[in-house]
Amino acid sequence: QYYDSPENKEKYLKWKLFSLLRRKWDDSHSQLVLIHNGVIIDLIKRKIVVNNKEIKMTNKELEVLSILMNEFFKKNNFVSKKKIFKKIYGIDNNQKSRVVDQIIFKLKNKLPSNFLEIDKHKGIKIAQLLI
């Protein structure tokens with residue numbers, strides 16, 4: 001037993017419950033917070049921190065980062081601009097819209113140069129950790 005009195009039993013049960021809840025929270029939200037290459041992206045609080053400085057992001061920029069983070073935690077494949085457009089706006093982009101290009105351009109200027117990897121033919125992804 002981990003307790004020898006009713007007070008200690010109550011403390012033990014409280015901390016056990018706290019531990020279980022914390023573990024559940026950490027598991028279910030692990031893909032909403034990314035600490036990578038000196039950047040902290042917290043989609044729960046909608047905050048981006050680069051070198052201990054908070055960076056302002058638009059809703060669309062956060063949506064694109066969310067899409068890239070989701071892919072990063074799965075397989076870290078490139079995401080095409082067409083797929084990003086469809087996920088953000090919910091429609092196929094059959095025209096040559098430059099909306100996604102503009103969002104990516106803004107992200108590149110706000111994030112460190114080594115954070116995003118862009119391939120003209122494949123798309124965009126979060127770069128692998130550089131050691």
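Within the 4.5 Å cutoff, the side chain of F73 has heavy atoms near those of the L34 side chain. With contacts defined as side-chain heavy-atom distances shorter than 4.5 Å, the pair I67/I88 qualifies.
The salt bridge (Lys or Arg N to Asp or Glu O under 4.0 Å) search around K110 returns E61, not counting sequence neighbours. Residues that satisfy the salt bridge (Lys or Arg N to Asp or Glu O under 4.0 Å) test with E71, not counting sequence neighbours, are absent from this structure. Under the rule for a salt bridge (Lys or Arg N to Asp or Glu O under 4.0 Å), the partners of K86 that lie at least two apart in sequence or sit in another chain are D92. Applying the salt bridge (Lys or Arg N to Asp or Glu O under 4.0 Å) rule to K125 yields no partners; only residues at least two apart in sequence or on another chain are considered. Residues passing the side chain to side chain contact (heavy atoms under 4.5 Å, CB included) test with I118 are I104, K108, I124, sequence neighbours excluded.
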Donor-acceptor pairs under 3.5 angstrom involving side-chain atoms of residues 41-57: please list them, not counting sequence neighbours.
from, atom 1, to, atom 2, distance (Å)
D42, OD1, I44, N, 3.0
D42, OD1, K45, N, 3.1
R46, NH2, N59, OD1, 2.5

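To the nearest 0.5 Å, atoms CE (M69) and CG (L62) are separated by 10.0 Å. Atoms CG and NZ, on D101 and K106 in that order, are 12.0 Å from each other to the nearest 0.5 Å.
Looking at every heavy atom in both residues, V39 comes nearest to L111 through CG1-CD2, 4.0 Å.
Clustering ILVMFWY residues whenever any of their side-chain heavy atoms sit less than 4.5 angstrom apart, transitively, puts L107 in a cluster other than the one holding F78. Both L116 and V99 are part of a single hydrophobic cluster, where members link through side-chain heavy atoms under 4.5 Å apart.
Cation-pi geometry between K60 and Y89 is met: the NZ or CZ atom falls under 6.0 Å from the ring centre, inside 45° of the normal.
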